[in-house]
Amino acid sequence: MRFRSQNKEILSFKKRFYPKAVLAEFIYLSFLLLSFLQIFIYLFVLGPFAYSATPVFQQSKTLKISVIIAARNEYENLKRLLPKLDEQVYPNFEVIIANDRSEDNTAGLLEEWMSKVQWLKVVSIFNVPQGINSKKYALTQAIEKAAGEILILTDADCLPFTNHWINTISSTYTDDIEIVIGYSNYETDTSLLNYCIRWETFFTAVQYFSLAYIGLPYMGVGRNLSYRKNLFIKNKGFNKIASITGGD
């Protein structure tokens with residue numbers, strides 16, 4: 001009888017405490033696994049890009065570049081952007097802006113600039129076909145008018161960091177390169193929200209640059225993105241994702 005009683009006590013003890021022990025061990029092993037995974041990522045994914053040497057690009061020829069911008073009610077932003085594009089130090093480029101049904105003075109501003117510079121072209125859009133994302137439609141119309149073999153995409157609310165922006169992207173192209181991805185940092189102010197957005201933007205860029213560097217590219221940002229026009233045509237543009245927002 002005493003043996004049975006002790007056995008019951010042992011079973012009772014295990015029922016009360018064993019699940020908690022298993023849970024603690026599971027948490028510990030999960031934490032250990034995540035730690036090893038994080039170390040692996042830092043060493044073998046982020047590390048190669050972080051410690052890579054800055055490449056030196058040498059152009060063998062001056063490529064024709066078409067900067068593509070979709071703009072809807074972007075009068076104030078274009079007032080800042082157009083002078084910066086005019087300052088670009090590159091001999092062979094054009095800017096094509098798709099004016100997507102703007103209701104502000106975007107059209108007037110673009111007409112004013114076209115009268116004084118040779119590099120600006122405007123595509124006016126009055127209707128968007130049903131089932132197609134409006135920005136993708138605007139970009140497609142602008143790309144169809146592009147004379148350049150290399151396309152550079154950006155947004156109307158962005159500004160080039162230097163007057164060698166176009167030249168820098170152009171110089172990265174060799175015969176075997178079809179896509180160039182770039183970094184687009186967020187404008188700085190002193191708010192906590194701005195700090196969080198800038199950190200997220202930076203860390204996202206570290207990830208997609210690092211994976212591209214080791215041969216596993218998965219994304220870029222449409223604010224600073226370039227690809228060959230014939231690649232766009234070969235893949236039938238945005239046809240497969242025409243209804244999806246984003247994915248420049």
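Counting heavy atoms from C-beta on, the side chains of I181 and P217 never come closer than 4.5 Å. Looking only at side-chain heavy atoms (C-beta outward), T106 and I97 stay at 4.5 Å or farther from each other. Between D104 and L109, the closest side-chain pair of non-hydrogen atoms is not below 4.5 Å. Looking at heavy atoms from C-beta onward, F93 lies out of side-chain contact with S170 at the 4.5 angstrom threshold. Side-chain contact between P83 and W113 is present, with heavy atoms from C-beta onward closer than 4.5 Å. Counting heavy atoms from C-beta on, the side chains of I241 and K136 come closer than 4.5 Å. Taking 4.5 Å as the limit, some side-chain heavy atom of T154 sits within range of a side-chain heavy atom of I69. In this structure, the side chains of L225 and V221 stay at 4.5 Å or more apart for every pair of heavy atoms.
Within the 6.0 Å centre-distance limit, the rings of F203 and W199 are counted as a close aromatic pair.
How far NZ of K121 is from OG of S66: 6.5 Å, rounded to the nearest 0.5 Å. The OH atom of Y186 sits 10.0 Å away from the SG atom of C158 when rounded to the nearest 0.5 Å. Separating the CG atom in N73 from the OG atom in S102 is a distance of 4.5 Å, to the nearest 0.5 Å. For the atom pair CD1 (I152) and CH2 (W165), the distance works out to 5.0 Å, reported to the nearest 0.5 Å. The CD1 atom of I96 sits 11.5 Å away from the CD atom of Q141 when rounded to the nearest 0.5 Å. Remark: L85 CG to N163 CG distance equals 11.5 Å, nearest 0.5 Å.
Two different hydrophobic clusters hold L81 and V89 under the rule that ILVMFWY side chains link at heavy-atom gaps under 4.5 Å. The cluster map of Ile, Leu, Val, Met, Phe, Trp and Tyr, joined by side-chain heavy atoms under 4.5 Å apart, puts M114 and L82 in the same cluster. Clustering ILVMFWY residues whenever any of their side-chain heavy atoms sit less than 4.5 angstrom apart, transitively, puts M219 in the very cluster that holds L151. Placement of I150 and I233 in two distinct hydrophobic clusters is found when ILVMFWY residues are connected by side-chain heavy-atom separations under 4.5 Å, directly or transitively. Hydrophobic clustering places I65 together with I177 (ILVMFWY residues linked when any side-chain heavy atoms are closer than 4.5 Å, directly or through intermediates).
Panel note: side chain Q88, backbone I166; a donor-acceptor pair is recorded below 3.5 Å. Between the side chain of S210 and the backbone N or O of Q207 there is no donor-acceptor pair closer than 3.5 Å. Of the possible polar contacts, one joining the D189 side chain to the S191 backbone as a donor-acceptor pair under 3.5 Å is found. The main-chain N or O of E187 is found under 3.5 Å from a side-chain atom of N194 such that the two form a donor-acceptor pair. No donor-acceptor pair under 3.5 Å is formed between the side chain of T204 and the backbone N or O of T201. Within the 3.5 Å criterion, the main-chain N or O of I132 finds no donor-acceptor partner in the side chain of S243. Side chain of E178 to main chain of L231: no donor-acceptor pair is present (N/O by atom type, distance under 3.5 Å, no hydrogens or angles).
Here the closest heavy-atom approach between residue A146 and residue K229 is recorded as O-NZ, 2.7 Å. The nearest pair of heavy atoms linking I125 to A138 is CD1-CA, 3.3 Å. Listed here is the closest heavy atom pair of A205 and Y183: CB-CD1, 3.4 Å.
Residue Y208 qualifies as enclosed at atom OH: its count of foreign heavy atoms under 6.0 Å is above 12. For N127, the CG atom counts as loosely surrounded, since its 6.0 Å shell holds 12 or fewer non-hydrogen atoms of other residues, nucleotides or ligands. Under a cut-off of 6.0 angstrom, the local environment of NZ in K236 is sparse, with at most 12 non-hydrogen atoms contributed by other residues, nucleotides or ligands. Atom CZ of R101 is surrounded by more than 12 heavy atoms from other residues, nucleotides or ligands within 6.0 Å. A 6.0 Å sphere centred on NZ of K84 holds no more than 12 heavy atoms belonging to other residues, nucleotides or ligands.
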Side chain to side chain contact (heavy atoms under 4.5 Å, CB included) evaluation trace for K135 with R72: CA-CA 9 Å; K135 184 177 182 182; R72 186 175 188 186; over 6 Å; no
Derivation of the side chain to side chain contact (heavy atoms under 4.5 Å, CB included) call for T168 and Y90: CA-CA 10 Å; T168 300; Y90 192 80; over 6 Å; no
Worked verdict on N77 versus D155 for side chain to side chain contact (heavy atoms under 4.5 Å, CB included): CA-CA 9 Å; N77 287 323; D155 289 337; over 6 Å; no
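Side-chain N/O atoms of T140 and E144 include no donor and acceptor closer than 3.5 Å.
Using a 30° and 60° split on the angle between ring planes, Y227 and F232 fall in the parallel class, below 30°.
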